[in-house]
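Heads up: the structure comes next, in structure tokens.
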Amino acid sequence: MNDLRLRLEAMEVLIFLVILLLCSKSGQCTRNATKVIVHTADHFYEKMLSGKTCFVYFGNRVNPTISLFIEQLEKSADALEDYGISVAKVNCTNEHVAKYCTGEKLMKKAYLFRGGDVLKSFDIDTVFDVNAIVSHVLFTVLFDEVRYVHTTAELQAVETAAKGKTDVVLGHVQVLGLPEHRALMETAFVYGAKYQFVLTTGGPVLKNMGVEDPSSLAAGLWFLHCKGESQSPHADACQHTALRRPLTTLHIYTFLQLMEAPLVSEASVDPSEVKVLHSHLQVPLLFLFSQPHTLALDRVTAQTLAWRLRGQVGLVLIHRESPDVKTPLEYNAAYKLQGEGSEVKYLALNNLEEVIELFTDGRLPEEDYDDEEEGYENWATLDVLDDEVAESVYRDRGQSPDMDAVTELTSDTFHSAVAESVHLVVLFYVKWDAVSMAFMQSYIEVSILLEDAEISDVELAVVDCGEWTDVCSSQQISYFPTVRLYRPHEPAQIYRGMLGTESMKRFIMLSRLVSPFPLFTPEEVTSFLEGDLFQKHSAIAPVPVLGLFSSITDPGISVFNDAANALRGETMVGLFADRRAEQWGVEYSVTLPAILVSRGPEGQTEAHSLYLSTPEQLVTHIQKAQLHTFPELTVENLPQYLELKKPLLLLFVGAEDSGQESRGALEEMRSLLNQGRLDRYMPCWIHLGRTPAGKAVLEAYLGSLPILPALVLSHVSTGEVFHYPAGSPLMVQPILQWLQRVDDREELPAGVIGEEKWEPPVPFFDFLGVMDQEVPGYASQRSPKTKSSLSEREHKENRDTQRGICSSSERQFLHGAQNSNESPTTKPPVAQHSEL
Amino acid sequence: MKVMDSCLLIFFTLLLTPVHSFTDGNNSQNSTRHHDYCVLGAGPAGLQMGNFLSRCQRDYIILERNSGPGSFFKIYPRHRKLISINKIYTGRRNREFNLRHDWNSLLSDKPDLLFQRVSQELYPDADDFPKYLSMYEKELGLKVQYGVDIGKIRASDSASPRGRGYILADQHGLEYTCSVLLVGTGMWDPQKVQFEGSDLVEGYESIPVNPEEYKDQAVLILGKGNSAFETAQSILGRASRVHLYSPNPVRLAWQTHYVGDLRAVNNELLDTYQLKSLDGLVEGGLEEIAIIRNNEDEEKHSGIQKKRSSRKKEKRVQLYLTLAELLEHPVGKNSSNVTATNLPVYHNDNFSLRRPYDRVIRCLGFRFNFSIFDGSARPPSNEGTRGRFPGVTAWYEGRGTPGLFVLGAAAHSRDYRSSAGGFIHGFRYTVRAVHKVLEQRYHSIPWPATRISVIQLQSWLLRRVNEASGPYQMFGVLGDIILLRGSQCEYLEEFPIQALPQFPSLSGYKLSKNGFLVLILQYGLNRTDSLGPGRAESEWTRAWRSSFLHPVLYYYDTLPTENDMRHRPAGWPLPRPKAVHHMVEDFLTEWDGPISHSQPLRRFLEHCLHTDLRAFYAESCFRYSLTHRKPPLFCRQGYLRNHGVIGNSQLWHHAREAGLMPGDQEFASPDMDPLLPNYLNRAGASVSSSMNLDF
């Protein structure tokens, strides 16, 4: 408040007035849209003489900081107009006002004038925005009405003076110029005559108001009920009520009105009919029911309660004897939350604390002030599952899976089931894992399919690892869901394929075949390669692989056997180890040992020599050899092709227009491929009818769906996507030229592949933050001073109490023993033990 | 199961690297009385450790002074009812889970080696416990030497050929040497308090247990623990007045969640006290009281009384409680000089304990026997427990006695009055933890760990919180440690969390810069009215206010120091972490709700791992794989390894309705496109989706 001394000295004012008199010429303030008056020098002087309060800035708009300030100044004009204060600026570039348009202070200060006096000058750093301008200006104007206190003694002096006369409104803001300060000042402007306003910026005064840690409270407001207190020279503090909502003008107005409302209202109608001030102020109401014979006592109870809930809840005493009161006798209380539509809820309460807790413990929905509401909604949305698998399984919770279709194994039955079944497929799952439960549906579907196909040598079983934890531990299950295939006397085979019905079924069907399947005659070999030998399987294993060895004693056979075994369930593998195998070596011009990869009767058969040393290498080799050179990409096979890490040359073929054009495009691509000119790429195609997800991919690439068929080059590594010009014919030469242009960086990318980091989709719920806010200090490390751990401290306290009881004088001891004798584990009623 | 694996591993490492000090000891051995490990006492803790040592084929011996195991239980509890819960029917068959409600069995690999084989009672007879221990010892073939009463233990010089070790001398002067000494001697010495007349007090250890002997007697019991109440309860039907006196008010186990506090099984006296049926509880110091005997001489003071009382007098001793400071000078045994002014009632006519007693019984619990340890081998007594327990480190090694570990009830100083470390159902797990420490320190076998993908972490954590018995019984003490290593993590079970600052050396694992998680179970810190309204929390956002046992995860990016541990927030088991997650308490202790438990947990893990941990159907992974340089982790670890989750149309439908999968596309029907030429199919045969296509 020392700043307030910064008034211009009388001398300056005199000079100033002289200038005014000399230069004044009449002229109207020119108003612009923002209500900021742009003064000419003349207007300015005239204004000064009118005796009105005016907030003026002198300067010229030269830098961004100033521009920002001017913007805020313009905004504040509206707000200050309500208080009869005009806002003006003087452009010193055009006008010259002596003293204000010159000197170093120029542009860094704004001034508040009343009449010719400068009430105060402000650094524009202080009045940086609307709130700061309004709060500081009003604070200056109300200098005489709003008392500033810092110490308890100062507050006491105000209270003593106010006792019996007026109530006191104590506002606290840690920092001046913030919205809370403004709200307080605006209220003071309106209610200044009615109440004594007091402002503090923290410190000891807050402790008096019961604030434990003043530094943690940014702003607060208390109503000190001094008017009702008898005038006494004693320094007793007036009773006070705290505003428990953020400091906004609305909240303060409401609060002050509540303070004026009677502490307890009485009514003789049913709670739903009661109309009191509180209901208009959107404050919850608490109803207590009173009987005629206990009325006096009930009033006391109601008063006590009302004091404790003052400012938060309105209290109404309902005379139950009235015929209009329809509340059943079993209830002694009721409450009605704020808001028009809220219903009256009835309760049977046993003690006062319960009631207090009801309203203060947050068990009721909080009063809906804005930020709170926002927070609530925010966390409400967090209760919606955002994991597509978890959510879809959750939505399916009404339908329990048909577990009858599978065998549920236990610790008791697991081992015998493994020993007895020809093929035992076991799904290990936990029921809280959504992926397990999603797959469970597919698994059950497979079981039903197999049953329908009358396949009897395979049993599908499940083990709930949440219950049969010992089975899962002994089987070393570390991944849910896990599927294993057990055959007697063989190590369990882990299923590594897609977790879906078709893949699972294919695995089971193929696993029933021995791998490698031994072939003994050239006829069998031909039949195997053409898919005739296993007609039933050719649909699910369209690319059989045959190992050719010239002799049964070839050392490579064991490696091949291991590899084939590892591929069991995935690929159909045959083995022909015979002198006659040479004829295929000659036919395909490879040296044995070799593998033949057959693509059916009409497809090609490729031959690869074998020179790999380990089964693992051989498995990879066989898997690679089975890949197509121009595949149709599907959800299920994409991973195999992405593995090659080549740029994808993708032809998108539509679902509807797969006529001539698409066929032509595909043929062109094939001929390009056959020319060996696409080796650097992974040419492939997606049929949007069969793989609808491709549509979203295409859209993501190009921003919209182009005309189909569309050819796209997708560099997953660099993130660039190129689109083959829609107008150009999809033919060999233009495609090659286009690819060349892309290589030469002559084509502009049509899209970019996202480089999303896959951060957490939703922020986590910060319990530490909540703890710090709700119970400050609870989650903080203790300072090194308080060394003793909790238990040690407790112990010490115990020792202290022991000493207290027993050590001092005899009389005390006896009392001590007496009292402790009577002190049960629950707290005794205080009144009876007042001597404590 | 994991321990088993590590043991096998140990076995092989030993075969391969015989340079270890533990193995070369055998060569220089000329007597059989050296062992790598000596376990002192064949009680539950000793045998429990024996099981782990035996499984790892360690050179160990269990030394026991009595002729059978568990001799403490042949005497105590005096009234022969165990108050440890033996709950056989839990409605579950999960063996790990069932151990949460079986407080008597020891851990072993044999699934049926459980206490329920000897008793079906919820509160079993104490005689059944030694029976069980015998069975346990025999079926596991543990090496126990009975009748060896070790009277003196000293440390051998670290300059000796074996390095520092311990030398134990028995009653015949025979010496046993060992590198590591595991003390499982329990708590045998009755806790006593010295005051004037304390010799007139009988001890819990020697009182008669036949209630008839208390007929119409007034009894003052010093103590308010379970033994005091057990004693009171047994004589309630015979004694005239039973008063319990001790410094502190009764602590009820069902309020404090500490099983060492008064259990409801024993608390009938609370009933008779509160219903004013002659019994009562009084608080007051023990050191300051005095018990004086009133003999015939005193009757002289009032002649009328003398005549009447001498007629019916049958030498009944009357014991008065008074205050030491009311006695001007020490009173002799005959207390002939007791005057009325020596009694409190003279000064305070309504003094609660003014009536004389026929018996005063001390039920103050037990203390550790420090006397068998030579100064070189004696762990200090722990201050926090009034010196009753030896002071031990967070990994149960005696303070200042390297290589000497305290097991069992005597190791309770670490969690005195908070967790279950002083009880069988708690220390069976701490013994296992100590064994893992030994394996790492002396055999370089790191703490058993499971390597799992972070995608699986949520399921693993849920599995542990839903079944694990160790962290459940040893709440706030043993916790699972999850070392984060990018997309993988190492899962270590049941580490003593107070030893976190020493984690790398104790476990054999280094921390990565990704930090680590600690999973523990803990009770709420705000102890409200245990049976009152609002005692339970159900809203997950308010989980930290849960008052019942609930899982809590702490995330640290760096290892807390000892200083951090010391200054941890008041009442917390661990220092302030980088982030914390409370899983809201559950009435059924089943933490598997998708909304209340799983998803908040996933979000917490996502925060700690800085990555999206959601699961996606293969179709979504397909999209992300083609439109992102890197699809989400779930797709990378599953789908891209050909292990995606396909789902079915019903599930996709749900996901689309929820707006989580793009829903504007129609499903492909297999035969919608008959126009494409046949050869194209073969050319691009997609193994699965085209298999049914006919075009």
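Note that the structure is predicted; figures quoted are calculated from it, not measured. Sequence lines set the chain letters: A, B, ... in the order given, protein chains first and strands last, and positions in each chain run from 1.
At distances below 3.5 Å, at least one donor-acceptor pair connects side-chain atoms of B:Gln599 with backbone N or O atoms of A:Val384. Side-chain atoms of A:Asp387 come within 3.5 Å of backbone N or O of B:Ala615 as a donor-acceptor pair. Between the B:Arg629 side chain and the A:Thr718 main chain, a donor and an acceptor come within less than 3.5 Å of each other.
For A:Glu756, the salt bridge (charged side-chain N to carboxylate O under 4.0 Å, His left out) criterion is met by no residue, not counting sequence neighbours.
Nearest heavy-atom pair, B:Leu626 versus A:Tyr701, reported as atom, atom and distance to 0.1 Å: O-OH, 2.5 Å. Between B:Lys630 and A:Trp758, the shortest heavy-atom contact is O-NE1, 2.7 Å. Of all non-hydrogen atoms in A:Pro761 and B:Arg614, the two that sit nearest each other are CG-NE, 3.5 Å.
Inspection of the A:Ser392 and B:Tyr617 side chains reveals an N or O donor paired with an N or O acceptor under 3.5 Å. Residues B:Glu467 and A:Thr469 bring a donor and an acceptor atom of their side chains to less than 3.5 Å of each other.
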Between B:Asn648 and A:Glu445, is the side-chain hydrogen bond (donor to acceptor under 3.5 Å, both in side chains) condition met? List the steps. CA-CA 10 Å; B:Asn648 60 25; A:Glu445 282 164 21; 2.9 Å; yes
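With a 4.5 Å cut-off on non-hydrogen atoms, A:Asp412 touches chain B through its side chain but not through its backbone.
Using the six-membered ring where Trp is involved, A:Phe767 and B:Trp540 have ring planes that are perpendicular, over 60° apart on the 30 and 60° scheme.
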